[in-house]
Amino acid sequence: MGEPVKRIRGVRDILPEETHLWRFMEWIVHAVMSTYGYQEIRTPAFEPTELFVRGVGLETDIVHKEMYTFTDKGGKSLTLKPELTAPVVRAYIQNHLDREAPITRLYYLDELYRQERPQKGRLRQFNQFGVEAIGSPHPEQDVEIIALAYDLCSLFVPQGLTVRLNSIGSPEQRGEYLKQLREVFQPYAADLDQLDRQRLKNNPLRLFDSKNPETQALLEQHAPLISDHISSEDRQHYEEVQAGLKALEVPFEHDPRQVRGLDYYTRTTFEITSGKLGAQDALCGGGRYDNLVQQLGGPDIPAIGFAAGVERLLLVAGESLKEKVTLRKLDVYLAVLAEEARAPALVRAQELRAAGYTVILETLRRSAKAQLREANRSEARAAVIMGEEEVKKGTCTVKRMDNGEQEEVAVDQLATHLDGILHPVPSTDK
Ligand code: HAM
């Protein structure tokens with residue numbers, strides 16, 4: 001026999017007490033996305049590793065430390081998707097979506113994999129919903145995306161959200177900033193840990209992702225701010241984004257140290273945070289990525305998007321969401337009291353389900369008493385009882401569970417009878 005097999009660290013079982021909240025969230029996401037004119041895309045669970053190396057960047061934590069990478073039988077290196085922007089852009093290019101329309105608005109609800117150190121709100125398999133708007137370089141597109149992200153997150157977490165906004169400018173203009181950042185850090189290079197030393201050498205912007213408190217303290221004290229080093233066009237773009245958000249009354253804060261942990265960002269970056277999440281406080285993150293489509297071999301087309309973490313939103317929304325979302329009650333518990341009733345009961349259950357009722361059928365062959373106890377426990381609105389007598393007569397006994405009233409009904413009248421007691425027509429008597 002041996003010990004039972006346990007799930008691995010950092011993944012979850014989502015049990016029935018929670019799955020209805022997921023369905024509710026998914027339903028809202030589909031509904032809101034369609035009001036904004038976005039269409040759903042689904043991409044494969046794994047992709048060539050090269051997609052993420054080229055798209056997200058070799059020096060990022062995601063690619064450097066967190067990917068689930070394996071070699072298939074053909075010797076090809078594949079990776080379970082750790083994020084969705086690169087796969088969506090790959091699909092956009094491969095399916096020539098740019099030829100169909102000058103702008104493509106896509107959204108997704110999907111499962112991702114990152115080998116991070118698990119903690120509250122940080123899993124190794126998790127879900128995101130998000131969008132990618134590919135085509136427009138203009139600030140109103142940024143405003144729409146941020147407003148959509150804020151709208152959706154607010155539907156689940158109505159209070160305590162903050163939009164943190166920054167502009168990291170364009171890579172073509174970033175040279176001078178990176179030079180200054182390197183100069184500031186060079187005197188401390190020997191004190192940095194090995195990973196941060198490597199970041200300083202290869203891609204100093206990634207120092208901002210460091211989990212080392214000493215590096216973070218140095219950044220706090222000495223690092224120049226990237227938004228002070230952007231071009232006048234990038235600044236103008238950023239100002240228009242802020243003006244648009246003000247017009248929509250989306251509350252935001254300028255967050256000069258936010259650079260986001262993926263290499264593809266240009267100009268606007270943003271995160272939505274909640275004070276209730278502690279260290280893992282980002283519910284949502286996104287930004288513009290004007291060079292990624294071209295970098296992945298497609299045409300020179302700008303884009304912007306975001307992704308929100310489903311588990312983190314549910315963690316914060318928690319109890320208040322549970323109160324809002326109620327499960328449909330069970331209509332009928334079908335109790336089977338005799339051997340002769342088993343086959344007819346299966347038929348009755350199917351007929352009632354086809355008529356739209358929720359029905360649970362007894363399959364444990366328990367005693368009459370135990371079955372009625374079960375009808376009570378499952379909070380059924382009615383018990384339909386089928387015993388030897390009922391089968392002989394072509395009837396069923398229907399018991400209302402709210403007041404215990406019982407009535408014998410012909411089987412061909414069963415659905416109509418249930419309709420009368422489960423969906424009562426209001427009385428017209430004075
Ligand atoms: P990200 O910031 O890596 O961005 O992830 C977005 C959100 O996914 C986070 O804010 C968080 O809520 C959730 N998340 C990330 N890692 C975990 C984890 N280990 N466990 C649970 N939740 C997690 C992206 O993925 C970009 N692709 C977003 C984007 C779309 N940018 C442009 N378009």
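For the single chain, residues carry numbers from 1 onward in sequence order. Ligands are counted one by one from 1 in listed order, and the atoms in each one are counted from 1 as well. Since this is a predicted model, take the numbers as computed values, not measurements.
- Ligand 1 has Y108 within reach: a non-hydrogen atom of the residue lies less than 4.0 Å from it.
- Below 3.5 Å of separation, one finds no N or O of A307 facing any N or O of ligand 1.
- Listed by first and then second residue, the salt bridge (charged side-chain N to carboxylate O under 4.0 Å, His left out) pairs involving residues 44-63 are E47-R90, E50-R54, D61-K65, D61-R199, D61-K211 (not counting sequence neighbours).
- Taking distance alone, with nitrogen or oxygen atoms compared against 3.5 Å, T85 approaches ligand 1 more closely than that limit.
- A salt bridge links E271 with R260; the closest basic N to acidic carboxylate O contact falls under 4.0 Å.
- For the pair L296 and I93, the minimum side-chain heavy-atom distance is below 4.5 Å.
- Atom 14 (N) of ligand 1 has its closest protein heavy atom at F126 CE1, 3.4 Å.
- Those atoms of ligand 1 that come under 4.0 Å of a heavy atom in G285, given as number and element, are 10 (O), 28 (C), 29 (C).
- The pair R377-E374 meets the salt-bridge criterion, with a side-chain N (NZ, NE, NH1 or NH2) lying under 4.0 Å from an Asp/Glu carboxylate O.
- Summary of contacts: the protein heavy atom closest to atom 8 (O) of ligand 1 is Q128 NE2, 3.1 Å.
- Scanning the protein for heavy atoms near atom 1 (P) of ligand 1, the closest one is R260 NH2, 3.6 Å.
- The single protein non-hydrogen atom nearest to atom 33 (N) of ligand 1 is E132 OE1, 2.9 Å, given as residue, atom name and distance.
- The ligand atoms of ligand 1 that sit less than 4.0 angstrom from a heavy atom of E116 are 16 (N), 17 (C), 18 (C), 19 (N).
- In terms of protein heavy-atom proximity, atom 31 (N) of ligand 1 is nearest to Y265 OH, 2.6 Å.
- No side-chain heavy atom of H417 sits less than 4.5 Å from a side-chain heavy atom of V384.
- Within a 6.0 Å radius of CD in E214, no more than 12 heavy atoms belonging to other residues, nucleotides or ligands are found.
- Residue contact check: G286 has heavy atoms under 4.0 Å from atoms 31 (N) of ligand 1.
- Among protein heavy atoms, atom 20 (N) of ligand 1 sits closest to L123 N, 2.9 Å.
- Protein heavy atom in closest approach to atom 26 (C) of ligand 1: Y264 OH, 3.3 Å.
- Using a 4.5 Å heavy-atom threshold, the side chains of R122 and R114 count as separate.
- Against a heavy-atom cut-off of under 4.0 Å, L283 is close to the following atoms of ligand 1: 10 (O), 12 (O).
- The contact set between ligand 1 and R122, taken as ligand atoms under 4.0 Å from a residue heavy atom, comprises 19 (N), 20 (N).
- Of the candidates Q125, E83, K81, R114, the one placing a heavy atom closest to atom 3 (O) of ligand 1 is R114.
- The shell of residues lying under 4.0 angstrom from ligand 1, judged by heavy atoms, includes C284.
- Side-chain contact between M401 and N376 is present, with at least one heavy-atom pair separated by less than 4.5 Å.
- A donor-acceptor pair shorter than 3.5 Å can be found between the side chains of Y113 and E111.
- The protein atom (non-hydrogen) at minimum distance from atom 13 (C) of ligand 1 is G309 CA, 3.7 Å.
- Residues T79 and T69 bring a donor and an acceptor atom of their side chains to less than 3.5 Å of each other.
- When side chains are defined from C-beta on, Y188 counts as touching H222, because their heavy atoms get closer than 4.5 Å.
- Taking every heavy atom of F306 and a limit of under 4.0 angstrom, the matching atoms of ligand 1 come to 29 (C), 30 (C), 32 (C), 33 (N).
- No hydrogens or angles considered: a donor-acceptor pair under 3.5 Å links the side chains of T85 and Y264.
- Close contacts of ligand 1 with G121, meaning ligand atoms under 4.0 Å from a residue heavy atom, involve 20 (N), 21 (C), 22 (N).
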